[in-house]
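Shown next, in structure tokens, is the structure this report addresses.
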Amino acid sequence: MPHTPTTILITGATDGLGRELALRLAGPGTLLVLHGRSAERAAEVQRQVRAAGGEAEVRLADLGDLRQVDRLADTVLADFDRLDVLVNNAGIGFGTPDSGRQESADGIELRLAVNYLAGYRLTGRLLPRLTEAAAPGKAARIVNVASAGQHPIDFADPQLTSHYDGVVAYRRSKLAQIIATFDLAERLAEADVPVTVNALHPASFMATTMVQEAAVTPLSTVAQGVEATLQLVTGSAGARTGRYFNGLQPATADQQAYDPDARTRLRSLSDELIAHALS
């Protein structure tokens with residue numbers, strides 16, 4: 001009987017952490033679904049994965065457009081019989097020092113849209129397939145690549161329409177990821193759904209395009225971030241649920257992530273934004 005490969009979807013797999021994570025996971029017994037925006041860059045990562053003896057398929061989408069997020073989910077559901085791990089890694093940084101407020105194709109503040117809302121939507125769409133892949137004693141996994149840079153969300157102005165600051169927008173979007181991680185993990189555990197959900201700050205200011213764009217001096221290597229992420233993707237740490245890691249260590253997120261009211265308000269806001277965008 002042929003072995004069924006472990007199927008892992010990585011968003012933002014054509015650069016930085018996502019690319020290096022894909023190359024570390026490449027090998028026999030693993031099927032990688034590589035998401036990116038550039039067909040050329042995605043094809044190169046696919047070639048490298050295959051050269052390492054792994055299987056890889058490419059799926060393209062601009063996560064700043066929720067209809068493209070839905071099309072990505074549609075193709076994954078149609079083309080892959082199982083999904084063992086979803087790594088929500090794709091994201092954008094602070095922006096260039098002189099950049100101002102930007103909006104997505106759906107008119108949503110861009111960092112909230114790409115860093116948080118796209119992953120929230122994709123997770124919701126793919127959750128049934130993840131649940132199906134779980135086996136006795138082995139849960140499927142969702143890993144959200146967040147950040148230690150977190151800023152409380154002002155629900156009176158969640159999209160920073162006034163007093164915009166790119167750093168604050170980025171940090172709010174990353175805290176939103178963590179809030180949603182804790183919220184989903186708790187709800188799945190209560191329903192006895194065999195899927196773990198965890199978030200992490202992989203490493204501080206890794207040497208990535210995002211950090212270079214912000215004109216910040218790198219403090220960590222991408223390899224350090226990969227090690228931290230792997231422990232949640234394939235390591236024993238990822239077998240537990242509802243945790244936030246700073247690098248390799250369990251950590252405490254911003255206090256808003258532990259506020260039940262904030263979790264409910266963020267879920268409602270997210271669903272409203274999605275419904276409006278797709279109406």
Side-chain angles (χ1 to χ4, degrees), residues 1-92 105 114-115 117-135 138-145 194-198 202 208-209 222 225-226 229-230 232-235 238:
M1 183 176 180
H3 173 71
T4 302
T6 298
T7 304
I8 302 173
L9 168 58
I10 305 172
T11 67
T14 62
D15 193 19
L17 176 69
R19 176 181 178 276
E20 294 305 314
L21 178 64
L23 297 181
R24 280 291 300 276
L25 289 166
T30 300
L31 169 59
L32 297 176
V33 184
L34 308 171
H35 158 264
R37 289 189 300 168
S38 164
E40 181 180 0
R41 287 164 60 184
E44 175 57 21
V45 180
Q46 181 185 47
R47 183 193 66 78
Q48 292 177 299
V49 169
R50 289 176 173 175
E55 297 181 68
E57 297 293 337
V58 169
R59 295 295 181 271
L60 302 177
D62 180 351
L63 299 189
D65 182 338
L66 283 167
R67 284 183 170 79
Q68 291 195 40
V69 174
D70 266 2
R71 284 198 291 271
L72 172 61
D74 289 340
T75 63
V76 171
L77 292 170
D79 298 342
F80 302 98
D81 292 335
R82 65 182 295 122
L83 181 62
D84 299 272
V85 183
L86 168 62
V87 183
N88 287 310
N89 163 73
I92 55 175
V114 174
N115 294 348
L117 199 59
Y120 174 88
R121 176 63 173 177
L122 188 62
T123 296
R125 290 290 316 279
L126 297 181
L127 188 57
R129 188 57 40 89
L130 286 156
T131 303
E132 292 168 2
K138 185 180 180 182
R141 301 181 181 191
I142 298 167
V143 179
N144 294 321
V145 180
V195 178
T196 65
V197 194
N198 293 291
T208 63
T209 302
V222 175
V226 170
T229 309
L230 278 173
L232 295 180
V233 175
T234 59

Determine whether L127 and I142 satisfy the following criterion, side-chain contact (heavy atoms from CB on, under 4.5 Å), listing intermediate values before the conclusion. CA-CA 9 Å; L127 188 57; I142 298 167; 4.2 Å; yes
Step by step, would you call L21 with N89 a side-chain contact (heavy atoms from CB on, under 4.5 Å)? CA-CA 10 Å; L21 178 64; N89 163 73; 5.9 Å; no
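Residue P194 comes nearest to T131 through the heavy atom pair CD-CG2, 4.2 Å, listed as atom of the first residue, atom of the second, then distance. Of all heavy-atom pairs between A90 and L63, the closest is CB-CD1, 3.6 Å. Of all heavy-atom pairs spanning V58 and A42, the tightest one is CG1-CB, 3.6 Å. Here the closest non-hydrogen pair linking V114 and G91 is CG1-CA, 4.1 Å. The two residues V222 and E20 make their nearest non-hydrogen contact at CG1-CG, 3.5 Å. Considering every non-hydrogen atom in both R129 and L77, the closest pair reads NH1-O, 2.9 Å.
Rounding to the nearest 0.5 angstrom, the gap separating the CZ atom in R71 from the CG atom in L60 is 11.5 Å. The OG1 atom of T6 lies 10.5 Å from the CG atom of L83; values are rounded to the nearest 0.5 Å. A distance of 10.0 Å separates CZ of R37 from CD of Q68, quoted to the nearest 0.5 Å. The line from CG of L86 to OG1 of T11 is 7.0 Å long, rounded to the nearest 0.5 Å. The line from CD1 of I8 to CG of L25 is 4.5 Å long, rounded to the nearest 0.5 Å. Within the model, atoms CD of Q46 and CZ of R41 stand 15.0 Å from one another, a figure rounded to the nearest 0.5 Å.
Looking only at distances, no side-chain donor or acceptor of H35 sits under 3.5 Å from a matching main-chain atom of I10.
Between L232 and T196 the shortest side-chain heavy-atom distance does not fall below 4.5 Å. Within the 4.5 Å cutoff, the side chain of T14 has no heavy atoms near those of the L34 side chain. Between V143 and N198, the closest side-chain pair of non-hydrogen atoms is not below 4.5 Å.
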Taking distance alone, no hydrogens or angles, what donor-acceptor pairs closer than 3.5 Å link side-chain atoms of residues 119-126 to residues at least two apart or in another chain?
residue: Y120; atom: OH; partner: D271; partner atom: OD1; Å: 2.8
residue: R121; atom: NE; partner: D70; partner atom: OD1; Å: 2.8
residue: R121; atom: NH2; partner: D70; partner atom: OD1; Å: 3.3
residue: R121; atom: NH2; partner: D70; partner atom: OD2; Å: 3.0
residue: T123; atom: OG1; partner: N88; partner atom: ND2; Å: 3.0
residue: T123; atom: OG1; partner: G119; partner atom: O; Å: 2.7
residue: R125; atom: NH1; partner: D70; partner atom: OD1; Å: 3.2
residue: R125; atom: NH1; partner: D74; partner atom: OD1; Å: 3.4
residue: R125; atom: NH2; partner: D74; partner atom: OD1; Å: 2.6

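R59 meets the side-chain contact (heavy atoms from CB on, under 4.5 Å) test with V33, E57, L72, T75, D79, F80; sequence neighbours excluded.
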